[in-house]
Each structure stands twice: as structure tokens, then as C-alpha cells.
Amino acid sequence: MRARLILSEVAIGLRRNLTMTVALVITFAVSLSLFGMALMVRAQVDTMKDYWYDKVQVSIFLCGKSSDSASCAGGAVTQAQRDQIRTDLESLRPLVEQVYYETSAQAYQRFQEQFKDSPIAANASPDALPESFRVKLSDPTQYAVIATAFAGRPGVDSVVDQRQLLDRFFSVLGGLQLGALVIAIVMIFVTALLIANTMRVAAFSRRRETSIMRLVGASDFYIQMPFLLEAAIGAAIGAGIAGLAMVAFKRWVIDGFLAPTFQFTAFIGWETVVGILPVLLLTGVVLAMVTALITLRKYLRV
Amino acid sequence: MIRFEDVTKQYPSQTRPALESITVEIEKGEFVFLVGASGSGKSTFLRLVLREERAGSGQIHVAGKDLSRLSHWKIPAFRRQIGTVFQDFRLLPNKTVRQNVAFALEVIGKPRSQVDRVVPEVLDLVQLDGKYDRMPDELSGGEQQRVAIARAFVNRPMILIADEPTGNLDPTTSVGIMKLLDRINRTGTTVVMATHDAAIVDQMRKRVIELEGGKLVRDQSRGVYGYAR
């Protein structure tokens, strides 16, 4: 009885304010889509970090015949120096997870493969590419340990942390993440304002009913419930549309275009997208109900 | 049933208090006319009884409750003991007579069986049998006010507040409404009626409380409308 009455009030309210309801649903759809996008960008950057940081190495380049750094004054690296570096690296386990030695010939070969379609490849010679130790760290942030231990030591030309190169790239992505988040928050704020306004119009258009309800002693809960449900239903429909947009983006933009085009990195999986959907629904409905409640406290006072 | 002790009500935007030092007691089962010119404080008095406003100072007891200490969430339960009727009827135009009356019970969560039983009873009491399924705009003013009274009375309140219930009605129709309010009063319900209708007050010879400029200037049992007009 109660439930049926409340639901019929909700249906009347949604129909009476059809334009406002449509505006509310669309705003929710857009702002929650942006919010979902922000979450997806965030997850994507995390995925890329995992993927890349897992692959980054610290390279210890050894002195070749043509190296000109101070530590290479003694000429090309000697076998004794090479062995000593290897022993020292082994002694740094477990921080050092893997050590892989690459000769200049191997470096040259890899270079040729990487740049096989480029004229650079033809200009390079094996001598120009130094031999190196490729070190994989169990904790890539501990690069400084390797740098202090090996940089400047005789026979070592330079120590390069690939992670530092990546960090620059990720700081750009971090800006992107932040931008997406800011837009999403602004949109959610706009949505809250629209809910407040919708509730005000709804409360005004039903002021006869609510004033009688107050007079005959209906509780706040009973008076406000239809409005709250109205806002929540609008939010849920909007969240549904935003969810469809997320799924469509994953299916056609990520899986259909981005992933096959940019094969050098990983992309977020379905479990991330599916995980975002309930967040959108919850955010939308909670936002709608809280804003509605605050607004109604002002306009439907007992 | 209703007791005001030295009650003063001042609205923030006005220099003069709307009600000043009002002390009055209305017993259970009384029929009281509240008279006075527009702006004399009648509406404020009724709003205070309904706890739509709070007194600035002084104490108000209604139906055994100290209104200054009535917490916000208890107001709905308190209002269920009071029925209210207005000059402009305030019926819902998109509901039938029966639905308008039933609405008052439905929104306080009464079960359907009770609603179905009680609504026809009270519609018979106000003599609207046969018009249950009319819409308000198909009824005369007097009939609409009967629906409003039925709605106010359907939950059997202890107090019925009527704010100029005959203000929009012609004298003949008004007499019918007054007979109805008198009948409701005889069931033991306390009736407080604000009015400008001198003829009715003079004819009914009930207790008259007169306000002027926010002050109580007359409290007379079996009184007449007064000398002001």
C-alpha cells in the first residue's frame, strides 16, 4: 500500500517534469561518462606503469674504444674489470634480480632489428655500440644503489636508468589523469546543481500535495521519498547510459582500434571496465539522493 | 486542550509583534470563534497551534504536548491529532472526492482496509453520498468545503482548526457548513474557527476570542461578533 502509493507519486512526478527528468538523465549520463572515463584513464596509466616498469632495466654501459668519459681514460674495459662488475652485481642480490650481459655485437644486432626500416641502421657500426650489463631490479625505484656503486668506476662509461626516461612520459600521463579527474569533478558539481534545481521545481509543482501531507501529519520520510526516488531513478538511468558508453568504448575504441594499433603497451581489461560500472551507479545514486535530501530540507520543511 | 501562556510571536521582518502576551485556554470539546480584523494575529494564532511556527516566548500546550519541547520528528504524529480546513478548500484537483479524503489517510500509512471502511463513513457524515467519484471542479463551493472538512475529520482528530471556512461561500451555504462543524463539535472534537462572518458568530452564540493588533481584547462566552463593524 505504502510502496504502491509512493511509486505512483514517483511516476506522476517523473511524467509531470518530463523535460527536467530528461535533462537530469542526460546530465547524469554525460557527467558519469566523464567520471568513468577519468577512472579508465587512471586505470590505463596504472596498467601501463605495471607493464613498463616490469620491463625496465638499469643499463651499465662499459667503456669501448671510442668512449670519452673520465672513467674511460684507461681505455676499453678489461676482462678483470668486467668480471669484478659481474661479481659486485651478484653480491647485490636480491635487489638485483637478473643480470644479462650484452656484447657490442649483440647490441649492434638488436639495434639493426629495432631500426631496420630507418637509414640510421646503415650508419651504425658494431664499434659505436658499447657492451653493457642489463640489470633488472626487484624494486625499480632503488636505482640509486646501482648508480652509486658503478657510476664513475674505471671501465664503466655510464649508468642509465630507463625508468627515468619513462617517468617523464608518465608525468605527462599523470597530467592527463589529473585533467580528466578535474573535468569529471566539475561535471559532477554541475550535476549536483541541476539535481538541486530539479528538486526545487518538483517540490514547487507538487506544493499542493506536500502542503496537505504536512497538514495531515505525513512524516518527512513519506513526503520526501517520492522526490528522492525520482532523483535516484534519474541517476540510475543516467548511470546505465554512462555504463553502456564505457562498454562501447572498451569494445570498439580500445579493443577495436587502440590495442591493435599500439601494440607496444598493454590496455585495461574487461575486469577494469566491469569494476567501474557499479562505481558509476553508486556515485550517481548517492550523489542524487544526498543532493536531493539537502535541497528538500530547504523546500519541504515540516 | 489548547493553552497559551503569555505567548508572544515576532516575525523577523516586522517591527510590531504579530501576537503579544496572549494567555488563553480552550477546553476539550469547546467551540471557539477567533475574530478580529485582517492582520490582528488570527492566522498566527492558528499557525502556532499547528506548530507551523514556534512562539518567540511563552508556552503553548496543545493536546497535552508542550510545543516548545516537541522535537522535529514528532511533529507529524502531533499533527495527526489536528484537522485543518481553509477558506480556499485546498483539494487536489486531479483526484476524485473519495481519493482526496483517502489521501489524508494513505499518506500517514493507514492500511487500505481501514481507508476503504472509513472514507465512505465520513463522506456520509458530511452528506456527500453519491458524489464520491466527482472531481473537485464538478462540485459547488459548499460541496468542496464539505470534502475538505471530511478530509480534515477522517482521522478523527481531537481538534479541528478552521481558517475562515465560510469566507468563499454564500450565506445559505455557510449555514450548512456551520451545521456540519457544530455536528463535528458535538462528537467531542474541539473546534477553533477564525472568521470575519459576523452573522454566523452572532447566530451561533459560542465563545468568542477577539484579537486586535496582536493583543487579546475580548474573551466572551456565548459572545457576538463585536463592535468593530
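Here is how names work: the chains are called A, B, and so on, in the same order as the sequence lines, proteins then strands, and each is numbered from 1.
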Quiz item: Measuring heavy-atom distances to chain A, does B/F78 have an atom under 4.5 Å in its side chain, in its backbone, in both, or in neither?
Solution: neither
Neighbour count above 12 (heavy atom, 6.0 Å) for [X] [atom1]:
| X | atom1 | value |
| --- | --- | --- |
| A/W252 | CH2 | no |
| A/F189 | CZ | no |
| A/R208 | CZ | no |

Quiz item: Hey, what do you get for CZ (B/F103) to CD (A/E209), rounding to the nearest 0.5 Å?
Solution: 6.0 Å
Self-check item: Distance in Å, A/S211 OG paired with B/E52 CD, rounded so as to fall on 0.5 Å steps
Solution: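 If I round to the nearest 0.5 Å, the distance is 9.0 Å.
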Self-check item: Heavy-atom side-chain contact between A/V216 and B/V107 under 4.5 Å
Solution: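 Yes, at least one pair of side-chain atoms sits under 4.5 Å.
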Quiz item: Any side-chain heavy atom of B/I75 sitting closer than 4.5 Å to one from A/R214?
Solution: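 Result no, sub-4.5 Å side-chain heavy-atom pair not found.
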Quiz prompt | Distance-minimising heavy-atom pair for B/H72 and A/D220 | solution =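 Where B/H72 meets A/D220 most closely, the heavy atoms are NE2-OD2, 3.1 Å.
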Exercise. Mind running side-chain contact (heavy atoms from CB on, under 4.5 Å) on A/M213 and B/I108 for me, showing each step along the way?
Key: CA-CA 8 Å; A/M213 283 168 136; B/I108 58 174; over 6 Å; no
Quiz item: Using non-hydrogen atoms and a limit below 4.5 Å, what part of residues 82-95 of chain B faces chain A?
Solution: B/I82, B/T84, B/F86, B/R90, B/L91, B/L92, B/P93, B/N94, B/K95
Self-check item: Those residues that, when tested against B/F45, pass ring pair (Phe, Tyr, Trp, His ring centres under 6.0 Å) (two or more places apart)
Solution: B/F4
Quiz item: Under 3.5 Å, side chain of B/R80 to main-chain N/O of A/G217, donor-acceptor pair present?
Solution: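 Flag set: sc B/R80 to bb A/G217 pair under 3.5 Å.
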